[in-house]
There are 2 protein chains.
Amino acid sequence: MQVTVDLVVLTIREGALCALLISRGIAPYRGRLALPGGFVLDDEDLMDAATRELAEETGVGTAAGHLEQLATYGEPRRDPRGRVITVAYLALVPDLPAPLAGSDASAASWVPLPVDGLAFDHDRILRDGVERARAKLEYTSLAAAFCPAEFTIAELRAVYEAVWGVSLDPRNFHRKVTTTEGFVRSTGRRVMRDRGRPAELFTRGTASVLYPPMLRPATAAD
Amino acid sequence: MQVTVDLVVLTIREGALCALLISRGIAPYRGRLALPGGFVLDDEDLMDAATRELAEETGVGTAAGHLEQLATYGEPRRDPRGRVITVAYLALVPDLPAPLAGSDASAASWVPLPVDGLAFDHDRILRDGVERARAKLEYTSLAAAFCPAEFTIAELRAVYEAVWGVSLDPRNFHRKVTTTEGFVRSTGRRVMRDRGRPAELFTRGTASVLYPPMLRPATAAD
DNA sequence: CCAAAAGTGTTAGTGCTACACCCATGG
DNA sequence: CCATGGGTGTAGCACTAACACTTTTGG
């Protein structure tokens, strides 16, 4: 039985939730989009394999973003070449200025969601990954994994709005984030982003679980 | 690479959270307690393998309880016999009057938690399973999977108290459960359990996600 | 001065906690 | 009648949603 890892790598680009996808150069599913991934080496831990693939595809270390196991998919005929089980990982990374340099990355690109028609059972895996990300923004501080090391409250709000597909009240969002213990930490510095009053710059706080959680409005959309 | 499924099977017995464990008859870890599990067959889906193992060990179908994928563990040296990856599943089942009849089940028994010193990395897997169960009681109606088809509110409360290791106010718990849309459905019948006023009998409702969620008191204990 | 974005104050409503209180049964 | 557990009512507190309002910048 063969074992692979596949990656659902998400980021926010220009206000839209995007996934990192590769265009397959060989059969099966030649020319179709697919999740990046590859075989687990003989003496390699699963998480190490995922970290390696992430670095190869994005040039990003796990330090900047977030990487966690998503689920394992093992339906007997999911790969026409034979019995292959895949352990899917979910990565949340900041919008990378780096040009996706790397060996396997030649055909990799950021695709705005939703997307359909991926190879294998990757539609399902991607959907599960997005659903996990949506759920985790509610009760963890993971939204900050989409942001650079320093960010404004408006940028953090844009993450929630892109992932959840809703718009949030800027005033209440600001209060909620800044008063929730350990979510963000002020640097004291300010920055001009666009028009209007300069915004304060924040860094990630120490809390990983938010209490009370962020509340997702009832209106779910895509 | 070999692939197994291992099961974290939890139930409530006499007010205590218990896990189904087997005593290993062969090396490695001979005589040690371990999670039930076994190899995935060549043409078998992972979930099917888990369902099969659950039936073999407990004689229970998935209909009565609940079965979901937990996580996958693949550290290279987790099994001294070679590279074995295991996909762990979490099962929540009612207290079974049936005597655990089955082929592999000769050495299976319910062990009250916490327990330590299991074979392989099963301590870790069991801990992750219990943690998942604790978390899911908060925002899903899964607590009812621990109960028989018909149950009283007090029995449902005993599930929360056993899994969370806390005591809950019976009055507020009753109101919360009965007013949360779709959690439980009254049968109209009553039953005498012990002393005191007869309690109403309920069945599982149609909701799987609870909104608003049950709140776990801040005091965490084991 | 005006538009735009950042950030603060206030009010009404919802849900939770704590606990007083009533209900229905066995002994 | 009393003990015991089932179930309802209610006051105070925490948090949220909605929105008026002030602050700080560029044009």
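Chain A is the first sequence line, chain B the second, and so forth, proteins listed ahead of strands; every chain is numbered from 1.
You'll find that the side chain of B:P212 is closest to C:dG15, out of D:dT25, C:dG7, C:dG15. Which of D:dA18, D:dG7, D:dG26 sits closest to the side chain of A:N172 comes down to D:dA18. Each of C:dC16, C:dG7, C:dT25 was ranked by its minimum atom distance to the side chain of B:M192; first place goes to C:dT25. When each of D:dC19, D:dC15, C:dA18 is scored by its nearest atom to the side-chain atoms of B:R175, the top-ranked nucleotide is C:dA18. Comparing D:dG7, D:dA17, C:dT8 by their nearest atom to the side chain of B:E200 picks out D:dG7.
Remark: C1' of C:dA5 and CD of A:E155 are 13 Å apart, rounded to the nearest angstrom. When the C1' atom of C:dA6 is taken as reference, atom CZ of A:F202 falls 10 Å away, rounded to whole Å. Counting to the nearest Å, the P atom of D:dG5 and the CG atom of B:L168 are 16 Å from each other. Between the P atom of D:dT25 and the CZ atom of A:R190 lies a distance of 8 Å, rounded to the nearest Å. Atom CG in B:L156 sits about 15 Å away from atom C1' in D:dG7, given to the nearest Å. Separating the CG atom of A:D169 from the P atom of D:dT16 is a distance of 13 Å, rounded to the nearest angstrom. Across the protein-nucleic acid pair, A:R171 atom CZ and C:dA6 atom P stand 12 Å apart, rounded to whole Å. When the P atom of D:dG6 is taken as reference, atom CG of B:L201 falls 12 Å away, rounded to whole Å.
Within 4.0 Å (heavy atoms only), B:R195 reaches sugar-phosphate atoms of the nucleic acid but no base atom.
The base of C:dA24 does not come close enough to the side chain of B:R197 for any donor and acceptor atom to sit less than 3.5 Å apart.
Under the salt bridge (charged side-chain N to carboxylate O under 4.0 Å, His left out) test applied with B:E150, the options B:R193, B:R189, B:R185 reduce to a single match, B:R189.
Within the model, atoms CH2 of A:W110 and OG1 of A:T11 stand 5.0 Å from one another, a figure rounded to the nearest 0.5 Å.
Residues B:V87 and B:T72 form a side-chain contact, since some pair of their non-hydrogen atoms from C-beta on lies under 4.5 Å apart.
Aromatic ring orientation, B:H122 versus B:F120: tilted (interplanar angle from 30° to 60°).
Distances shorter than 4.0 Å separate some side-chain N or O of B:H174 from OP1 or OP2 on D:dG7. One finds a side-chain N or O of A:K176 lying less than 4.0 angstrom from the OP1 or OP2 phosphate oxygen of D:dT16.
A side-chain donor from one of B:Y73 and B:D128 sits under 3.5 Å from a side-chain acceptor of the other.
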